[in-house]
Amino acid sequence: MMNHLKDNLVNVIGKFREKLKGTSGEYERLQREIQKLDGKIAEYVEKIAETQTAIETTERTVESTQKTLNDNRKVEEDQKELEKLESDIKRNEKFKADYYSDIVKELSRSAKFFAASFLPEFEALLERVDLEGKDIPGVTVDTLEYLLDIGECICGTKLTEHSEAYEAIMKLKKQVPPEMLGGAAGKLKATLEAWQSETNELRKVVLEKAEGFDVAQGNIDDLQEIKKD
């Protein structure tokens with residue numbers, strides 16, 4: 001058997017067929033059966049080859065389909081990531097817009113904010129001004145000029161030149177606004193000090209809003225870079 005199975009030798013089946021002899025009907029029947037079976041064998045061999053080809057084709061199709069599925073899954077994941085990035089960008093855009101709106105609102109409510117940087121100079125100027133004076137409600141230089149013109153005080157005293165009443169009015173004239181800042185200057189200084197306190201708080205709020213604005217803008221820039229990638 002081993003010899004017959006070696007290369008370049010007549011195979012075993014061929015040897016057995018050489019042993020077949022005779023011309024009886026049984027022999028012919030067997031011969032036809034052998035031929036029929038040989039045909040079946042050839043048919044099955046062909047089907048096996050076709051099936052193997054089909055298997056290989058199917059495997060390639062499966063691989064291609066799997067790759068498509070993987071690609072689609074990756075596309076789906078990328079799409080979800082893109083949607084999330086766009087959502088985060090829109091959210092930070094809203095934050096930025098809100099911070100900007102708050103800053104504008106704070107600034108538009110008070111012109112004092114813009115004058116804040118000048119307050120120290122105003123106070124320094126007032127320090128050089130004589131703040132001693134009379135703060136008589138409703139009395140100004142114009143009021144005193146009127147009394148001098150009519151020559152009579154509101155109390156009925158005549159204001160003749162060089163009289164004691166006349167000299168008192170002339171002295172008072174130099175101590176009320178606008179010739180003497182007096183109480184008006186003192187009030188202005190108090191007002192400026194109040195403004196200084198108010199604007200300090202306003203600056204603090206605006207700076208906090210500006211910082212939030214910068215953070216939102218930084219987030220947007222980072223997200224845009226990720227989106228480009």
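Keep in mind that the numbers below use all heavy atoms, side chains included, and drop hydrogens, waters and symmetry copies. Since we're looking at a predicted model, the values are computed, not measured.
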(Q) Between K228 and E225, is the salt bridge (Lys or Arg N to Asp or Glu O under 4.0 Å) condition met? List the steps. (A) CA-CA 5 Å; K228 287 178 183 178; E225 287 298 320; 3.7 Å; yes
Q) What do the steps show when you test E208 against K204 for side-chain contact (heavy atoms from CB on, under 4.5 Å), and what is the final call? A) CA-CA 6 Å; E208 288 176 353; K204 179 181 177 182; 3.7 Å; yes
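Taken from CG in L85 to NZ in K90, the straight-line distance is 12.5 Å, to the nearest 0.5 Å. In this structure, I89 CD1 and I226 CD1 are separated by 9.0 Å, a value rounded to the nearest 0.5 Å.
With S101 contributing its side chain and A97 its backbone, the two residues share no donor-acceptor pair below 3.5 Å. Side chain of S87 to backbone of E83: no donor-acceptor contact under 3.5 angstrom is found. S163 contributes no side-chain N or O that, together with a main-chain N or O of L159, makes up a donor-acceptor pair within less than 3.5 Å.
Under a hydrophobic-cluster definition in which Ile, Leu, Val, Met, Phe, Trp and Tyr are linked whenever side-chain heavy atoms come within less than 4.5 Å, directly or via other members, F95 and I220 are assigned to different clusters.
The minimum heavy-atom distance between C155 and T157, with the atom names listed, is SG-OG1, 3.1 Å. The minimum heavy-atom distance linking E167 with H162 is given by the pair OE2-CA, 3.6 Å.
Heavy-atom neighbours of L37 CG from other residues, nucleotides or ligands within 6.0 Å: above the threshold of 12. In this structure, E56 places its CD atom where more than 12 heavy-atom neighbours from other residues, nucleotides or ligands lie under 6.0 Å away. Surrounding OH of Y100 are at most 12 heavy atoms belonging to other residues, nucleotides or ligands under 6.0 Å away.
Electrostatic pairing of R60 and E63 does not count as a salt bridge here, judged by no charged N lying under 4.0 Å from a carboxylate O. Comment: E81 does not engage K84 in a salt bridge, judged by the lack of any side-chain N to carboxylate O separation of less than 4.0 angstrom.
Looking only at side-chain heavy atoms (C-beta outward), N92 and K96 stay at 4.5 Å or farther from each other. L148 places a side-chain heavy atom less than 4.5 Å from the side chain of M170.
Among the candidates E211, K209, Q217, the single residue satisfying the side-chain contact (heavy atoms from CB on, under 4.5 Å) test with Y99 is K209.
Hydrophobic side-chain contacts under 4.5 Å tie V45 into a cluster, directly or through other members, with I41.
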